[in-house]
Every structure is written in C-alpha cells, then in structure tokens.
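Working notes for the structure below.
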Protein chains: 2
Amino acid sequence: MMPVNDTKTALLNSAENAARTLGIDGFSYADLAKDVGIRKASIHHHFPSKAILSTALMQRYRQNFEAVCAEIDADFATGGARLSELIDQYRAGSNGGKRLCLCTSFSANRDSLSDDVIEQISLFRAMVIDWATKAFDTGRTDGSIQGVVDPALEASAALSLLEGAQLAARAAGNPQFFEDALELLTKRMST
Amino acid sequence: MMPVNDTKTALLNSAENAARTLGIDGFSYADLAKDVGIRKASIHHHFPSKAILSTALMQRYRQNFEAVCAEIDADFATGGARLSELIDQYRAGSNGGKRLCLCTSFSANRDSLSDDVIEQISLFRAMVIDWATKAFDTGRTDGSIQGVVDPALEASAALSLLEGAQLAARAAGNPQFFEDALELLTKRMST
DNA sequence: GTCTATATTCAGATAGAC
DNA sequence: GTCTATCTGAATATAGAC
C-alpha cells in the first residue's frame with residue numbers, strides 16, 4: 001500500500017482495519033489517534049462523530065468493492081472464474097481468520113449504528129447479490145458452474161455462506177473453517 | 001416460558017436475549033438490573049464479572065442446543081427431516097430478523113471475550129457440525145437429501161450458511177434474507 | 001442476597017489557543 | 001489542522017450496611 005500523507009485517508013485506513021478486526025465498538029478515537037500519530041481531539045475535525053466516521057467507512061468500502069467486482073468482470077470471462085475470484089476476495093479479506101468483511105462486522109453490531117450506515121449495508125449486500133446473480137447466470141450459460149438452477153437464490157446463499165465462513169474462521173482464529181465451508185461451492189466451479 | 005422466581009436464571013434469560021439482540025457489548029449490568037428488577041450491584045453476587053456471565057451464557061446455550069439436537073434425532077428418522085428441523089431452529093432463533101444465534105453474536109465480538117468463552121464457542125460449533133455431519137450422512141443413505149457427496153463438508157457449509165443468513169436478516173431487519181439464503185438447501189430435503 | 005454509595009476507568013465530544 | 005484541557009456520561013466493579 002502507498003504511504004499516506006493525507007490524514008483523513010490515514011484515519012479511514014486505520015479505522016477500517018480496526019473495525020474489521022475488533023468491531024465498531026472495539027476501537028476508540030484514542031486508539032485511532034495513537035495509530036495515526038495525532039491527538040484524539042484532532043480526529044473530530046475530520047469526522048465530527050463516530051457515526052459519521054462509520055458511514056464514511058462503509059461508503060468507501062462499498063465503492064471500492066464495486067470497483068473490484070467491475071475489474072473481475074473485465075479480467076475474467078466465465079461465470080465460474082468470476083465467482084472463484086469473489087471467493088478469493090473474501091478469503092483474502094478474512095486474512096487468515098483475523099478479519100471480517102466490513103459489512104459482516106457492521107451487521108454484527110447493528111445496534112450501535114446510525115440509520116445511514118444501515119442503509120449503506122443494505123446497498124452493499126444488494127450490490128454483491130446483484131453482481132453474483134449475473135455471475136451465476138453466466139456460469140449456467142457457459143457451463144463453468146455446475147448445477148445452477150436459480151442464479152438469484154445461488155447468489156443469496158453464496159453471500160451468506162461467505163460471510164458465515166469468515167465469521168467461523170475468525171471465531172476460531174483458524175482459516176481452515178473458511179476453507180471447509182467453501183470447498184463444496186468451489187468444487188462446482190471450473191474456469 | 002415458565003415464570004422465573006430464581007434470580008440467577010432470570011439474569012441468564014435476560015442476558016441471553018440482550019446478547020443475541022444487541023451483542024455482548026450492547027447491554028450493561030444497568031440494563032440487566034432494570035429488566036430483572038434488582039440493583040446492578042446485586043448482579044455481581046451471582047456473576048462477579050461480565051466475563052463469567054458470558055461463559056455461563058454460552059455454556060448453558062450449548063447444553064440446551066445439544067439437548068435440542070438429541071430430541072430431533074429421537075423425533076425424526078430421516079436425515080432430511082432432521083436437517084429441516086435444524087433449519088427451523090435457526091429460523092425461530094432469528095426471530096424475524098431481530099436476533100442471532102448466541103454463537104454467531106459472540107463470534108462477531110470476539111475481541112471482548114475471555115478465552116473461556118472462545119473455548120465454549122469452539123465446542124458449540126464442533127458439536128453442531130458433528131451432529132449435522134451425521135444427519136447428512138443419514139440423508140445420503142436414506143435418500144432424503146439430494147446430492148450429498150461429502151457429509152462433513154456439507155455440514156460445515158450448512159452451519160456457515162445458517163449463521164450468515166441470520167446475520168443478513170438481522171442487518172436488514174428482514175426475515176426474507178434468511179429465507180432466500182436457505183431456499184436452495186431446503187429444496188434438497190424431503191421427509 | 002440485596003441494598004446504597006462510591007471508586008475507577010474510559011468513552012465520545014467540545015472550547016478555545018496556536 | 002492540530003493542539004491542551006476539560007466536560008459529561010456510562011461502564012464494570014468494590015466496600016460495607018442491612
């Protein structure tokens with residue numbers, strides 16, 4: 001990753017990692033300040049409240065992920081290859097059982113979130129399910145995914161499976177839980 | 001549910017519901033005290049620390065769930081019927097998108113948990129996966145579940161799917177997310 | 001076993017100087 | 001934009017009377 005001399009971006013990067021590792025309530029402005037190297041009062045200049053920070057985090061995360069999905073479409077032609085890339089994204093995001101997808105992490109602490117973040121979470125899931133539905137549909141047509149009957153239901157199931165697998169791996173601190181949960185789905189894909 | 005005149009049990013019931021609805025950090029001893037009708041200092045007599053309370057919660061939850069699984073085995077003969085009952089358990093536990101399985105909820109806030117609770121979580125997942133593996137194996141033999149090749153991998157995937165589906169439904173406050181995610185799996189079962 | 005009272009710590013947030 | 005200093009509230013936890 002590029003070195004960051006933009007304080008706001010540095011704060012977002014630090015906060016995203018903390019949120020995905022510890023949860024939104026698992027880090028404080030004091031932690032953030034120490035990590036970025038400024039005083040905690042200064043953070044309020046960039047993000048007046050933690051609710052605003054959370055919304056900015058989720059918004060950036062969603063946009064980045066949308067860009068990743070578009071890039072996958074550009075780089076891979078078959079549905080099976082695309083879905084395999086999505087699984088790889090979640091595998092990498094899991095970081096050996098130490099992190100969660102930001103959407104999963106936020107979903108788990110729904111009570112301490114503003115309505116704005118809830119809305120961002122819904123947009124994220126809708127976006128991923130929509131993208132995956134198309135990938136499953138493509139995979140059914142080109143024969144690169146076995147046994148696809150209903151692409152939309154496959155997409156819903158795949159997203160829940162990915163999120164649940166990250167959660168199980170993180171709880172145990174063991175990436176093998178992710179691999180076990182994903183193996184059957186992975187086996188249905190060819191490139 | 002029976003009326004409770006045992007303070008310790010009343011505390012466990014209130015805490016379990018709060019933990020599954022709001023997360024372990026989403027409620028305080030003050031909330032618990034108000035709900036049960038005693039002062040918060042009194043709670044420390046029964047559960048000296050929140051870590052101890054969390055461990056007791058997870059232990060009781062695991063034992064109860066183990067008993068439920070045993071009862072399912074006694075009441076239903078086929079693998080398909082047994083798995084369908086497990087899905088119903090998670091559907092009911094989701095409570096229309098308002099709650100999570102305690103294991104899922106705790107997994108999401110792993111950082112604020114003691115090692116004892118982490119251990120209990122592992123035991124819970126191992127127990128459910130073991131039970132579901134046998135159910136898938138039975139379903140493969142008796143023909144009540146379609147397309148079973150590897151019962152253990154099916155069990156791992158099913159648990160992650162169930163937990164992820166609860167999480168998605170809760171994030172949106174909409175039980176339909178659970179139904180969408182589980183529909184393909186459910187369709188594979190006959191009784 | 002439950003109470004009142006209090007200790008301690010830490011969170012998010014604000015005021016105002018530089 | 002960043003700082004020091006401070007406010008306010010809430011959390012877990014303890015001491016000791018009843």
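Atoms considered below: every heavy atom in the structure, side chains included; atoms not considered: hydrogens, waters and symmetry mates. Everything quoted here is computed from the prediction, not taken from an experiment. Here is how names work: the chains are called A, B, and so on, in the same order as the sequence lines, proteins then strands, and each is numbered from 1.
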Using the side-chain heavy atoms of B:Ala41, tell me which of these nucleotides is nearest: D:dT14, D:dA13, D:dT4. D:dT14
Is it the case that one hydrophobic cluster holds both B:Leu162 and B:Ile145, taking links as side-chain heavy atoms less than 4.5 Å apart, direct or via other members? yes
Reading DNA chain C 5' to 3', which nucleotide is the first, and which the last, to come under 4.0 Å of any heavy atom in chain B? C:dG1 to C:dA5
Over all atoms of both residues, closest heavy-atom pair of A:Ala33 and A:Arg39: CB-C, 3.8 Å
Please report, rounded to the nearest Å, how far the C1' atom of D:dA11 is from the CZ atom of B:Phe27. 12 Å
Following the transitive rule for hydrophobic clusters with a side-chain heavy-atom cut-off under 4.5 Å over Ile, Leu, Val, Met, Phe, Trp and Tyr, establish whether A:Leu102 and A:Leu159 coincide in one cluster. yes
Please report the closest heavy-atom contact between A:Arg170 and A:Thr21, naming both atoms and the distance. NH1-O, 2.7 Å
Rounded to whole angstroms, how far apart are NZ on B:Lys40 and P on D:dA15? 16 Å
Within this structure, what is the CG-to-P distance between A:Asp25 and D:dA11, rounded to whole angstrom? 12 Å
Length of the line joining B:His45:NE2 and D:dA13:C1', which is rounded to integer Å: 16 Å
Pick one: which of B:Asp130, B:Asp137, B:Thr138 meets side-chain hydrogen bond (donor to acceptor under 3.5 Å, both in side chains) with B:Lys134? B:Asp130
Is the closest side-chain donor-acceptor distance between B:Asp116 and B:Ser114 under 3.5 Å? no
Quick check on DNA chain D: between B:Ser49 and A:Ser42, whose nearest nucleotide comes earlier from the 5' end? A:Ser42
At under 4.0 Å between heavy atoms, what does B:Phe47 touch on the DNA or RNA strands: base, sugar-phosphate, or nothing? nothing
